Number of protein chains: 2
Amino acid sequence: MTLPSTYADRNCSLARAMEVIGERWTLLILRDAFFGIRRFGDFATQLGIPRAVLTSRLKLLVREGVLARDDDGAGIVEYRLTDKGIELWPIVRAMMAWGDTFYSPAGAKRALSHDRDGGPLDHEGRCQECGSVVPVPEIRIEPGPGFDPENPNPDPVSAQLNTARRLLEPVTASRTRQADDSKV
Amino acid sequence: MTLPSTYADRNCSLARAMEVIGERWTLLILRDAFFGIRRFGDFATQLGIPRAVLTSRLKLLVREGVLARDDDGAGIVEYRLTDKGIELWPIVRAMMAWGDTFYSPAGAKRALSHDRDGGPLDHEGRCQECGSVVPVPEIRIEPGPGFDPENPNPDPVSAQLNTARRLLEPVTASRTRQADDSKV
DNA sequence: CTATCGTGGTTCAGTCACTGAACTATAAAT
DNA sequence: ATTTATAGTTCAGTGACTGAACCACGATAG
């Protein structure tokens with residue numbers, strides 16, 4: 001049902017993509033998923049999104065195969081990006097780059113680099129050291145020159161998000177999934 | 001007015017970008033702008049968007065410097081992408097590519113190529129012939145293998161949009177700006 | 001000069017979605 | 001048995017979108 005009166009244009013792939021990821025909050029949810037957030041409560045507190053809307057968005061993203069819902073039966077649910085979801089990275093990266101260019105005079109708020117060789121990424125996502133298009137799990141993200149530690153949000157999840165990390169690396173929650181699974 | 005309760009995250013450029021281009025319809029308006037649409041009425045009919053919403057979106061985009069409003073004083077107004085707006089192309093391209101990949105089994109609905117040498121563009125926007133990142137005005141767009149001529153929309157604007165053209169090349173309207181010989 | 005048309009909007013009632021706060025359900029942990 | 005952590009649901013109030021009609025203005029036709 002994605003949208004009541006759906007975008008009519010059947011011949012533009014952009015319209016179809018918008019029905020999946022174009023609703024309010026959706027891209028911010030996905031950004032946080034790239035940053036390693038997997039838990040319902042963490043999405044809710046990080047984004048300040050109404051929980052009912054979060055439920056609705058997560059359901060749509062799971063139905064469309066962008067996120068996978070992983071329930072361990074013990075009250076712990078994780079939402080992880082699927083391969084299809086990971087292929088949304090160029091969109092997220094392009095939007096961050098545009099926002100940095102025009103709304104962050106002090107420089108990029110987050111700096112991206114190739115975790116293997118340390119080379120910075122250009123705006124097309126290429127490592128300037130090795131020249132390759134860096135796979136998402138090898139991308140290192142850290143606060144950049146434009147990062148503003150205004151209100152240092154003291155919760156542990158925010159603290160983790162503001163350190164240098166690799167994309168998709170899960171934030172460790174207070175109560176983790178049962179008995180340490182090897183799927184990281 | 002961008003958003004009533006704005007996205008709170010001040011430290012993600014994505015949130016700032018979403019405030020400018022994240023509202024419903026906005027990216028479709030910009031897609032049409034890349035395709036050469038410049039007139040209020042053409043946006044309205046091509047997208048099927050309520051005119052009040054279109055007014056609101058155009059005003060925001062002009063205020064943010066993404067579009068320029070050009071009024072010739074004779075009842076003809078044109079909205080054109082600025083340089084800042086043209087830099088949104090990687091976002092539009094990435095979303096079309098993702099939509100094609102996952103929702104167009106018959107192949108891309110629109111094919112992109114380098115107008116100078118005819119080389120097709122890869123998913124990062126590089127010409128596979130000359131290897132360069134092709135500037136937007138040199139990008140040729142035409143119906144691709146997944147294009148579906150289902151309801152051949154008979155209006156002249158749609159007809160132009162479905163032929164091979166360069167991006168940003170304006171669609172010629174029935175009544176053009178200031179003194180023109182091409183009367184129908 | 002008046003009437004009509006093309007164009008770029010505005011207005012408005014009805015509907016739908018989002019917001020924010022409170023509440024519920026379930027499974028540990030104490 | 002009670003508390004805590006987590007993942008949701010519920011609901012009234014508000015705001016945004018929808019669709020259709022209407023308006024203002026300049027150009028064109030009679």
Side-chain angles (χ1 to χ4, degrees), chain A residues 1-8 18-19 22-26 28-29 37-62 67 69-80 155-157 171-179, chain B residues 1-8 18-19 22-26 28-29 37-62 67 69-80 155-157 171-180 182-184:
Chain A
M1 197 257 278
T2 92
L3 286 171
S5 99
T6 190
Y7 298 110
M18 288 298 286
E19 291 177 3
E23 289 177 304
R24 186 158 158 69
W25 294 111
T26 299
L28 293 178
I29 292 170
I37 291 186
R38 295 182 171 184
R39 304 280 284 271
F40 184 94
D42 289 339
F43 283 115
T45 58
Q46 287 300 308
L47 295 172
I49 176 179
R51 300 167 81 84
V53 175
L54 180 58
T55 299
S56 163
R57 297 294 185 275
L58 290 174
K59 270 187 181 146
L60 172 61
L61 291 172
V62 168
L67 295 178
R69 185 182 190 276
D70 196 350
D71 186 341
D72 74 345
I76 301 292
V77 176
E78 287 190 349
Y79 293 93
R80 297 191 327 280
D155 72 279
V157 171
V171 299
T172 60
S174 51
R175 180 176 158 216
T176 41
R177 315 190 83 232
Q178 55 180 144
Chain B
M1 191 257 278
T2 91
L3 284 172
S5 99
T6 192
Y7 298 109
M18 288 297 287
E19 291 178 3
E23 289 177 302
R24 188 158 156 70
W25 294 111
T26 299
L28 293 178
I29 292 169
I37 291 186
R38 295 183 171 184
R39 304 279 285 271
F40 184 94
D42 289 339
F43 284 115
T45 58
Q46 287 299 308
L47 295 171
I49 177 179
R51 300 165 81 83
V53 176
L54 180 57
T55 299
S56 163
R57 297 295 186 273
L58 291 174
K59 269 185 181 149
L60 173 61
L61 291 172
V62 168
L67 294 179
R69 184 181 191 276
D70 195 351
D71 186 340
D72 74 346
I76 301 292
V77 176
E78 287 191 349
Y79 293 92
R80 296 189 330 280
D155 72 280
V157 172
V171 298
T172 59
S174 51
R175 179 175 158 216
T176 41
R177 319 191 80 233
Q178 64 200 95
D180 191 327
S182 63
K183 276 189 174 179
V184 179

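Everything numeric in this text was worked out from a predicted model, so none of it was measured. Numbered from 1 within each chain, the chains take letters A, B, ... in sequence-line order.
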Looking only at the side chain of [X] (C-beta and beyond, no hydrogens), which of the listed nucleotides [options] gets closest?
X: A:Arg69; options: D:dC17, C:dC18, D:dA7; value: D:dA7
X: A:Val53; options: D:dT18, C:dG8, C:dT19; value: C:dT19
X: B:Arg24; options: D:dG8, C:dT19, D:dC17; value: D:dC17
X: B:Val77; options: C:dT19, D:dG26, C:dG8; value: C:dG8

query: Who are the salt bridge (Lys or Arg N to Asp or Glu O under 4.0 Å) partners of B:Arg80, not counting sequence neighbours?
result: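 Result, salt bridge (Lys or Arg N to Asp or Glu O under 4.0 Å) vs B:Arg80: B:Asp70.
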
Sequence-distant partners of A:Arg69, salt bridge (Lys or Arg N to Asp or Glu O under 4.0 Å), two or more places apart: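 Here the qualifying residues are A:Asp71.
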
Is there any protein nitrogen or oxygen under 3.5 Å from a nitrogen or oxygen in nucleotides 10-14 of chain C, and what are the pairs?
from: C:dT10; atom 1: OP1; to: B:Lys59; atom 2: NZ; distance (Å): 3.3

Starting at atom [atom1] of [X], determine the distance to atom [atom2] of [N], rounded to an integer number of angstrom.
X: B:Glu78; N: C:dG6; atom1: CD; atom2: C1'; result: 15 Å
X: A:Phe43; N: D:dT6; atom1: CZ; atom2: C1'; result: 15 Å
X: B:Tyr79; N: C:dG8; atom1: OH; atom2: C1'; result: 8 Å
X: A:Leu47; N: C:dG20; atom1: CG; atom2: P; result: 13 Å
X: B:Trp25; N: C:dA17; atom1: CH2; atom2: P; result: 14 Å
X: B:Leu54; N: D:dT18; atom1: CG; atom2: C1'; result: 14 Å
X: A:Ile49; N: C:dA21; atom1: CD1; atom2: P; result: 15 Å
X: A:Ile76; N: D:dA5; atom1: CD1; atom2: P; result: 12 Å

- request: Kindly write out the residues that satisfy side chain to side chain contact (heavy atoms under 4.5 Å, CB included) with B:Thr55, not counting sequence neighbours, or none if the list is empty.
  value: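 For B:Thr55 the side chain to side chain contact (heavy atoms under 4.5 Å, CB included) partners, ignoring immediate neighbours, are B:Phe40, B:Lys59.
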
- prompt: Who are the side chain to side chain contact (heavy atoms under 4.5 Å, CB included) partners of A:Ala44, not counting sequence neighbours?
  reply: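 A:Arg51, A:Leu54.
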
field: Student check: side-chain heavy atoms of B:Ile37 and B:Ile29 closer than 4.5 Å
entry: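 Contact flag for B:Ile37/B:Ile29 side chains = no.
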
- prompt: Taking only side-chain nitrogens and oxygens of B:Arg39, does any of them come within less than 4.0 Å of OP1 or OP2 of C:dG6?
  reply: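 For B:Arg39, the contact criterion (side-chain N or O under 4.0 Å from OP1 or OP2 of C:dG6) is not met.
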
message: Is a donor from one side chain sitting under 3.5 angstrom from an acceptor on the other, for B:Arg39 and B:Tyr79?
response: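 The answer is no; no qualifying pair exists.
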
query: Where do A:Val171 and A:Arg38 land on the side chain to side chain contact (heavy atoms under 4.5 Å, CB included) test, with the steps shown first?
result: CA-CA 8 Å; A:Val171 299; A:Arg38 295 182 171 184; over 6 Å; no

